[in-house]
Amino acid sequence: MLWSSAVVLSFVHLCLSKPLIRRWDDLVEKHSWADIPKGWGFDSPAPANYVFDLRIGIKQAGMEDLIANLMEISDPGHGRYAQHLTKEEMEAFTRPHPNSTEAVNSWLEHHDIEKSKIAHASGGGDWVTVRVSVAQAERMLGTKYNVYHHPASGQRVVRTMGYSLPHELHSHIDVIAPTTYFGTIHSMQATSFLQPDIKPVSNAVNVAVPSSCSSTITPTCLRDLYNTSTYVPAATNVNKLGVAGYLGEFASTSDLQIFFSKFRPDAKGSSFSIVQVNGGGNNQNSPGVEANLDIQYTTGISFPTPNIYYSTGGSPPFIPDSVTPTNTNEPYLDWLNFILAQNAIPQVITTSYGDDEQTVPKDYAAKVCKMFAQLGSLGTTVFFSSGDFGVGGGDCKTNDGKNRVLFQPAFPASCPFVTAVGGTTKVNPEVAVSFSGGGFSQYFAQPSYQTAAVSAFLTGLGTKFIGMFNQTGRAYPDLAAQGSGFQVVVSGRTVSVGGTSASSPTVAGVFSLLNDFRLSQGKTSLGFINPLIYSTAAKGFNDITSGSNPGCGTAGFAAGKGWDPVTGLGTPDFVKLQTLV
């Protein structure tokens, strides 16, 4: 049967004139856990009238293009190298497609969410915050919210074991929070720990590095080891170094003065600025070991570069009988949304916190990882500690209901858009410290910038640990630095601290000085450094060839010639790197 053109046109007109009929009741699971995450227990059903902020991460229409741009401007062999994006250019890439925004708005309207309760949390419009009750959220997500208790910290939070979205929204929404991410602020593992005082072991050969540095680390040790002692910063009017702080950890200004008096006298009288994010505090009477460690060593290496400590608030304890709205969002999202909204961002930022990757929902991890890529596109280098459990802590069993024993990577260290820092100890030579976190992501594919280096390691490894890790995953750490015996002043007293959380601020300090060097010559900041360090700058690091990172009942990986998942490419040599950046 043949149709006349008039009939066809009439049919098309009829179809176009009909309103779009949507199915908001065909829910399809977005994410769920097989069991309650380790360390948490069911407490009680969440009160239906409890009100909280629900964050909707809408898919960013140009994210693939932003990442392609990031890889070009981070490649030292590319013509656009170090031509970082402006904030406006970055936000243009990260805006949702109008169809996505319209679909989400229609869904919210279907659920009678008032416009006054909807807010956009980022300039790109990809994060929408909605104030809802538990009952509303349960209807929207086809789930049941409960109160879960974390006995080790005393934390109680409102979370769900799984959530769903209408089929249509799966192509428009990346993640919704808070839902299934239980790794909230009080249970995030800060990768540092107090150590007993260690008597110096005199094994130093190089007279430039005191023998005491083999067991007791001070700024002098690090400046000598990593060759920054003679450099005088010259771009302190534009260069900045940031420290991201969580867990209610406060950095003490008075402790810093004592620290400077003892270990960096020429810096005495200088300080750092504090930025409070999402209710983050600044209790100078309650300094944190982690916060003091971070700020004392970033300033101790980078002085007189301005340092900023970001004190990020998190979820307060949930009171079951209370219906007062409180923040239940995750601190990574709070801090990232805040920093990406700023017009001026430090060129280097270091963070010393993390979780086992498997405890972070994959959709949440992917979204957060892309936000780190956004930071990199703006010209900021993001460092993360690689963790303190070698190839994995505890029994290393999977939480997918199968209880398989696998090496357990850490997040955000496993994100390919951050630079993960492992740990070393001793001097002449430095060796891998046994707790240095390292391995291969189960979530993120191995990026091309590290393929050659990682392939060489895997070839040498052969079939050892086969099946225990993902050979095609993003491999980490990328770099390393001293991680044991750091002298830190806390409440006026000097204590010895260890952990890769000491390593990350150390490397951040060195790269902040490299940025100073570039900026003083009229160049831009280094930005996302991974493609650089795995290629033309690879010779600027001290290769660590001994030590290992045991865990999961195994000896773990071994450090060796070239890249390895214990110390990465090695520890930085500032003078060598100056000639390579």
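The minimum heavy-atom distance linking Gly125 with Ile58 is given by the pair O-CD1, 4.2 Å. Across Arg474 and Asn530, no two heavy atoms sit closer than the pair NH2-ND2, 3.8 Å. What you find for Gly439 and Phe557 is that their closest heavy atoms are CA-CE1, 4.1 Å. Taking each heavy atom of Trp33 and Gln358 in turn, the nearest pair found is CH2-O, 3.2 Å. Of all non-hydrogen atoms in Thr567 and Ala480, the two that sit nearest each other are O-CB, 3.4 Å. Shortest non-hydrogen contact noted between Ser74 and Pro531 is O-CB, 3.3 Å.
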Query raised in the report: side-chain contact (heavy atoms from CB on, under 4.5 Å) between Leu336 and Leu375: does it pass, once the steps are laid out?
Result: CA-CA 9 Å; Leu336 279 165; Leu375 271 179; 4.0 Å; yes

Requested in this report: Report the C-alpha separation of Met63 and Gln374 in whole Å, then their side-chain angles, then the decisive distance to 0.1 Å, and conclude whether the side-chain contact (heavy atoms from CB on, under 4.5 Å) test is met.
Outcome: CA-CA 9 Å; Met63 179 51 68; Gln374 291 173 239; 3.8 Å; yes

**Report entry** Verdict with supporting geometry, Ile36 and Phe42, side-chain contact (heavy atoms from CB on, under 4.5 Å)
**Finding:** CA-CA 8 Å; Ile36 295 175; Phe42 173 83; 4.2 Å; yes

Requested in this report: Evaluate the side-chain contact (heavy atoms from CB on, under 4.5 Å) criterion for residues Leu141 and Leu165: first the C-alpha distance (whole Å), next the side-chain angles of each, then the deciding distance (0.1 Å), finally the verdict.
Outcome: CA-CA 6 Å; Leu141 305 177; Leu165 289 172; 3.8 Å; yes

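Using a 4.5 Å cut-off on side-chain heavy atoms (C-beta onward), Arg55 and Asn337 make contact. Side-chain contact between Leu85 and Phe93: present, with at least one pair of heavy atoms (C-beta onward) separated by less than 4.5 Å. The side-chain heavy atoms of Tyr310 and Pro346, taken from C-beta on, include a pair separated by under 4.5 Å. Between Thr180 and Tyr364 the shortest side-chain heavy-atom distance does not fall below 4.5 Å. Using a 4.5 Å cut-off on side-chain heavy atoms (C-beta onward), Thr94 and Lys370 make no contact. Within the 4.5 Å cutoff, the side chain of Tyr449 has heavy atoms near those of the Pro416 side chain. Between Ile274 and Phe250 there is no side-chain heavy-atom pair separated by less than 4.5 Å. Considering only heavy atoms from C-beta on, Trp127 stays 4.5 Å or farther from Thr129 through its side chain.
Here Asp75 pairs with nothing under the side chain to side chain donor-acceptor pair (under 3.5 Å) rule; sequence neighbours left out. Looking at residues two or more places apart in sequence or on another chain, you find a side chain to side chain contact (heavy atoms under 4.5 Å, CB included) between Thr472 and Asn470. Qualifying side chain to side chain contact (heavy atoms under 4.5 Å, CB included) partners for Glu88, counting only residues two or more places apart in sequence or in other chains: Thr86. Under the rule for a salt bridge (charged side-chain N to carboxylate O under 4.0 Å, His left out), the partners of Asp25 that lie at least two apart in sequence or sit in another chain are Arg23. Here Arg404 pairs with Asp400 under the salt bridge (charged side-chain N to carboxylate O under 4.0 Å, His left out) rule; sequence neighbours left out. Not a single side chain to side chain donor-acceptor pair (under 3.5 Å) links Gln347 to another residue, sequence neighbours left out. By the ring-ring contact (aromatic ring centres under 6.0 Å, His included) test, Phe384 pairs with Phe372, sequence neighbours left out. Take Ala61 and apply the side chain to side chain contact (heavy atoms under 4.5 Å, CB included) test, not counting sequence neighbours, and it matches His97. By the side chain to side chain contact (heavy atoms under 4.5 Å, CB included) test, Gln136 pairs with Ile113, Val132, Ser133, Arg139, sequence neighbours left out. Applying the salt bridge (charged side-chain N to carboxylate O under 4.0 Å, His left out) rule to Glu72 yields the partners Arg80; only residues at least two apart in sequence or on another chain are considered.
For Ser414 (side chain) and Ala410 (main-chain N/O), a donor-acceptor pair under 3.5 Å exists by modelled atom type. Without hydrogens or angle criteria, Thr381 side chain to Ile529 main chain gives no donor-acceptor distance under 3.5 Å. Between the Thr179 side chain and the Thr160 main chain, no donor and acceptor come within less than 3.5 Å of each other. Of the possible polar contacts, one joining the Thr143 side chain to the Gly162 backbone as a donor-acceptor pair under 3.5 Å is found. A donor-acceptor pair is defined here as one N or O able to donate and one able to accept, closer than 3.5 Å; no such pair exists between the side chain of Thr500 and the backbone of Gly422. Checked by atom type and distance alone, the side chain of His170 pairs as donor or acceptor with a backbone atom of Val28 at under 3.5 Å. The backbone N or O of Asn283 lies less than 3.5 Å from no partner atom in the side chain of Ser286, so there is not a single donor-acceptor pair. Here the side chain of Asn515 pairs a donor or acceptor atom with the backbone of Leu526 at under 3.5 angstrom. Formation of a donor-acceptor pair under 3.5 Å by the Ser386 side chain with backbone atoms of Val421 is found in this model. Listed for the Gln471 side chain is no donor-acceptor partner under 3.5 Å among the backbone atoms of Leu458.
One finds the CE atom of Met468 at 5.5 Å from the SG atom of Cys552 (value rounded to the nearest 0.5 Å). One finds the NZ atom of Lys30 at 10.5 Å from the CG atom of Leu169 (value rounded to the nearest 0.5 Å). Taking NE2 of His172 as the start and OG1 of Thr101 as the end, the distance is 9.5 Å to the nearest 0.5 Å.
A 6.0 Å sphere centred on NZ of Lys87 holds more than 12 heavy atoms belonging to other residues, nucleotides or ligands. In Gln276, the CD atom is crowded: over 12 heavy atoms of neighbouring residues, nucleotides or ligands sit closer than 6.0 Å. Annotation: Glu29, atom CD; neighbour count of heavy atoms from other residues, nucleotides and ligands within 6.0 Å is above 12.
Note on residues 32-41: pairs passing salt bridge (charged side-chain N to carboxylate O under 4.0 Å, His left out), not counting sequence neighbours, are Lys38-Asp395. For residues 27-71, no residue pair satisfies the disulfide bond (SG atoms under 2.5 Å apart) rule, not counting sequence neighbours.
Ring geometry for Phe411 against Phe444 counts as parallel: the plane angle stays under 30°, on a 0 to 90° scale with 60° as the upper cut. Note: His110 and Trp24 have tilted aromatic rings, judged against thresholds of 30 and 60 degrees for the angle between ring planes.
Using modelled atom types, one finds no donor on one side chain facing an acceptor on the other under 3.5 Å when comparing Asn549 with Ser436. With hydrogens and angles left out, the side-chain atoms of Glu357 and Ser441 include a donor and acceptor closer than 3.5 Å. In this structure, a donor-acceptor pair under 3.5 Å is present between the side chains of Tyr148 and Asn146. A side-chain donor from one of Ser504 and Thr350 sits under 3.5 Å from a side-chain acceptor of the other.
Aromatic ring centres of Tyr145 and Phe52: separated by under 6.0 Å.
Put simply, the residue from Asp65, Asp174, Asp126 that forms a side-chain hydrogen bond (donor to acceptor under 3.5 Å, both in side chains) with Gln60 is Asp126.
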